[in-house]
Amino acid sequence: MKKKNEMVELAVETKDGTFVATYSEKGLCGLEFPNGRTRKGNGAMPSAQIKKWHGQTTQALKGALRGEVARALPPIDLSAGTEFQKSVWRTLRTISAGRTLSYGEVAKKIGKPRAVRAVGGACGANPIPVLVPCHRVLAANRRIGGFSGGLDWKRRLLEREGAKDFTLALGA
DNA sequence: ATTTCTGGCCTGA
DNA sequence: TCAGGCCAGAAAT
């Protein structure tokens with residue numbers, strides 16, 4: 001932990017539930033899937049800057065849940081991760097909607113073809129699911145692999161994006 | 001085809 | 001240092 005930056009949490013209402021976006025002074029730095037507990041917006045007063053970002057996040061998230069490509073994204077603050085993780089996350093952001101890569105391919109793209117498992121770890125540590133498309137990374141052979149936020153989410157997101165080239169490796 | 005085990009690499013404790 | 005993870009590939013069933 002570095003310093004106690006003024007993190008601001010704001011709710012994002014969607015048809016799929018209430019997400020919680022977290023902002024630092026650099027931009028969006030976290031996003032949580034709906035998990036029942038409706039944590040209300042803390043007392044902190046969001047600056048005009050953050051409100052603007054939140055508007056973009058809200059629009060982008062809703063669009064993503066419908067399988068659309070976001071037009072505008074707020075700046076994303078990935079400074080919380082290690083260099084390795086940041087390089088992985090950067091790579092994830094280059095994957096366009098509806099397309100998928102395998103953990104092995106991501107590993108190769110960042111110059112560490114053997115670090116496939118570490119890539120998995122970085123994906124799991126991704127603070128901003130959906131907008132940083134960790135769900136577009138599949139295991140080899142197009143199997144769906146795992147997902148911290150719940151496999152159902154990963155599957156749903158991929159289906160809505162129209163990514164048909166993956167296997168539900170869970171019985172099918 | 002599916003299960004098991006081994007290799008390899010990054011984290012957090 | 002050590003265990004473990006959203007894996008991959010080979011070997012064994």
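Proteins come first, then strands; the chains are lettered A, B, ... in the order of their sequence lines, and each starts at number 1. In this text, all values refer to a predicted model and were calculated from it rather than measured experimentally.
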Q) Atom CG of A/Asn126 to atom C1' of B/dT11: distance rounded to whole Å? A) 16 Å

Q: Find the partner of C/dT13: check Watson-Crick (N1-N3 plus N6-O4 or O6-N4) and G-U wobble (N1-O2, O6-N3) distances, both under 3.5 Å, and reply none if neither fits.
A: B/dA1

Q: Would you check if the distance from the ring center of A/Phe147 to the ring center of A/Trp153 is below 6.0 Å?
A: no

Q: Please state whether the base of B/dG7 and the side chain of A/Arg117 form at least one donor-acceptor pair under 3.5 Å?
A: yes

Q: Write down the distance between CZ (A/Arg114) and C1' (B/dC10), rounded to a whole number of angstrom.
A: 16 Å

Q.
Using a heavy-atom cut-off of 4.0 Å across all strands, would you classify A/Gly104 as base, sugar-phosphate, or nothing?
A. sugar-phosphate

Q) Base, sugar-phosphate, or nothing for A/Phe84, non-hydrogen atoms under 4.0 angstrom? A) sugar-phosphate

Q: Whole angstrom is fine here: how far is it from CZ in A/Phe147 over to P in C/dC7?
A: 13 Å

Q) Do side-chain atoms of A/His54 reach the backbone of A/Ala11 as a donor and acceptor pair under 3.5 angstrom? A) yes

**Q.** Partners meeting side-chain hydrogen bond (donor to acceptor under 3.5 Å, both in side chains) with A/Arg156 (sequence neighbours left out)
**A.** A/Asp16

Q: Please tell me which of the listed nucleotides, B/dT11, B/dC10, B/dG8, lies nearest to the side chain of A/Gln85?
A: B/dT11

Q: Assign A/Ala118 to base, sugar-phosphate, or nothing according to its heavy-atom contacts below 4.0 angstrom with the strands shown.
A: base

Q.
I need the NZ-P distance between A/Lys108 and B/dG8, as an integer number of Å.
A. 16 Å

(Q) Counting only side-chain nitrogens and oxygens, does A/Ser102 get under 4.0 Å of the OP1 or OP2 atom of C/dC7? (A) no

Q.
Within the 3.5 Å criterion, strictly below it, is a donor on A/Arg142 or A/Thr100 matched to an acceptor on the partner's side chain?
A. yes

Q.
Quick check on DNA chain C: between A/Asn141 and A/Ser148, whose nearest nucleotide comes earlier from the 5' end?
A. A/Ser148

Q) What nucleic acid atoms does A/Lys154 come within less than 4.0 Å of, heavy atoms only: base, sugar-phosphate, or nothing? A) base

**Q.** Protein-nucleotide distance (A/Arg143, atom CZ; B/dA1, atom P), rounded to Å
**A.** 12 Å

Q | Nearest-neighbour nucleotide for the A/Lys112 side chain, C/dA8, B/dC10, B/dT11 considered | A | B/dC10

Q) With the 4.5 Å side-chain cut-off for hydrophobic clustering, are A/Leu92 and A/Leu101 part of the same group? A) yes

